[in-house]
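Just so it is clear, the model here is predicted, and its values are computed rather than measured.
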There are 2 protein chains.
Amino acid sequence: MNRFLSNATNRIDAKGRVSVPSAFRSVLSGGGVRELYCFQDFVFPAISVGGPELLDRFERQMAAEDPFSPAANEMSLLVHGGGVFVKLDPEGRLMVTDFIRDFTGISTDVMFVGRGDYFQLWEPQAFAKAQAAAREGRKSRGLRPE
Amino acid sequence: MNRFLSNATNRIDAKGRVSVPSAFRSVLSGGGVRELYCFQDFVFPAISVGGPELLDRFERQMAAEDPFSPAANEMSLLVHGGGVFVKLDPEGRLMVTDFIRDFTGISTDVMFVGRGDYFQLWEPQAFAKAQAAAREGRKSRGLRPE
DNA sequence: TGGGACCATATGGGCGTCAATGGGATTGGC
DNA sequence: GCCAATCCCATTGACGCCCATATGGTCCCA
């Protein structure tokens, strides 16, 4: 399996560390990724995490449009100003910094949510709410999975 | 037979495992499927299960629209964040995780319901109710089975 | 036609491995 | 020299793999 899928909740220990689920770690090492790029998601109260190529993709998108446009300017503010690089410890854990806590509301547990080519860090209850809202949205519009 | 038909109810054992009905397993192995994709159904309190091509279908649908659109983002939250890959043990059983229990209400028994090119996991009583409601709905609209 | 052997499926449990977690030790920066 | 981040090692608890048992159905043969 080569993409980030499903979700899992892990506890933050006394030192502020949390284990990245094994399944996610194998996707990362499978892609030869050793350093992670994290940024505050554009729509959800979650931190999005992926390999450095995630940042590359954003920069390409910005380059595609007028670099002085309000949209590109705004995006740079989020992507560059709201992004950090982090690396995992030998056991595959990452530090849950205030940068992450403040933006997501995470305090004791972290929910890892696969998003295909990247994954996200959520406060568990916030995710439940967002997912329920997404499901309601689809239902009310009468959309089916097929 | 190459699709999932009829239904069967099996018991969850002390370790939280349940046997997938033999008929369903032969459909899977007939299609060369070794890993299953499960997701929380969009309309029913049931887990839908199929081969990885189910996820591929969703991803193609998302790729067809703007990947940054709210609709695509919302769908990814359900399809990626609410989906899991599961594999069966050598005896053809799967683990009934909290992910499945919480969403379906399943506690001691699992009802397997064929849906053509995929199948679903239901809490037996919930299925009976949903089926009765579906039958009433058709009757009141004067529809015939064909 | 009835009995019995055989087979397949569902189910139960032992055991080893690995991931998640916790805590001590060491290093490096301020 | 102190605080904090990083590394290393220990524990435990869950999950996967294996083998054993039961139950029901089918087929064969007397």
Query raised in the report: Got a sec: does the CD of A:Glu35 have more than 12 other heavy atoms crowding it under 6.0 Å?
Result: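 Enclosed.
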Atom [atom1] of [X] to atom [atom2] of [N]: distance rounded to whole Å?
X: B:Leu94; N: C:dA10; atom1: CG; atom2: C1'; value: 13 Å
X: B:Asp89; N: C:dG12; atom1: CG; atom2: P; value: 13 Å
X: A:Asp98; N: D:dA4; atom1: CG; atom2: C1'; value: 14 Å
X: B:Met111; N: C:dA10; atom1: CE; atom2: P; value: 15 Å
X: B:Asp109; N: C:dT11; atom1: CG; atom2: P; value: 9 Å
X: B:Lys15; N: D:dC18; atom1: NZ; atom2: P; value: 13 Å
X: B:Asp13; N: D:dA14; atom1: CG; atom2: P; value: 15 Å

Query raised in the report: Would you call the rings of B:Phe119 and B:Phe112 parallel, tilted or perpendicular if under 30° counts as parallel and over 60° as perpendicular?
Result: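 B:Phe119 and B:Phe112: tilted rings.
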Check if the side chain of [X] and the base of [N] share a donor-acceptor pair of N or O atoms closer than 3.5 Å.
X: B:Arg17; N: C:dG13; result: yes
X: B:Arg93; N: D:dG16; result: no
X: B:Glu91; N: D:dC18; result: yes

Would you indicate what [X] reaches in the nucleic acid, counting non-hydrogen atoms under 4.0 angstrom: base, sugar-phosphate, or nothing?
X: A:Val20; value: sugar-phosphate
X: B:Arg11; value: sugar-phosphate
X: B:Ser22; value: sugar-phosphate

**Report entry** B:Asp89 side chain to B:Gly92 backbone, donor-acceptor under 3.5 Å
**Finding:**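 Judged by distance alone, yes, a pair lies under 3.5 Å.
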Query raised in the report: Between B:Asp109 and B:Thr9, do the side chains contain an N or O donor and an N or O acceptor separated by less than 3.5 Å?
Result: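 Looking only at side-chain atoms, B:Thr9 and B:Asp109 do not form any donor-acceptor pair under 3.5 Å.
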Query raised in the report: C:dG13, D:dG16, C:dA10: which one has an atom nearest the side-chain heavy atoms of B:Met95?
Result: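 So the side chain of B:Met95 is nearest to D:dG16.
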Requested in this report: Report the nucleotide, chosen from C:dA20, C:dG22, C:dG14, that has the shortest atom-to-atom distance to any side-chain atom of A:Asn10.
Outcome: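 Nearest to the side chain of A:Asn10 among the choices is C:dA20.
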Query raised in the report: Out of A:Leu55, A:Leu54, A:Val84, which one pairs with A:Phe39 under the side-chain contact (heavy atoms from CB on, under 4.5 Å) rule?
Result: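 With A:Phe39 as partner, A:Leu55, A:Leu54, A:Val84 yield a single side-chain contact (heavy atoms from CB on, under 4.5 Å), made by A:Leu54.
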Query raised in the report: For D:dC17, does OP1 or OP2 lie under 4.0 Å from any side-chain N or O of B:Lys87?
Result: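 For D:dC17, OP1/OP2 do have a side-chain N/O of B:Lys87 under 4.0 Å.
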Requested in this report: Please check the phosphate of C:dA20 (OP1 and OP2 only) for any side-chain N or O of A:Arg25 closer than 4.0 Å.
Outcome: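 Affirmative; the distance criterion is met.
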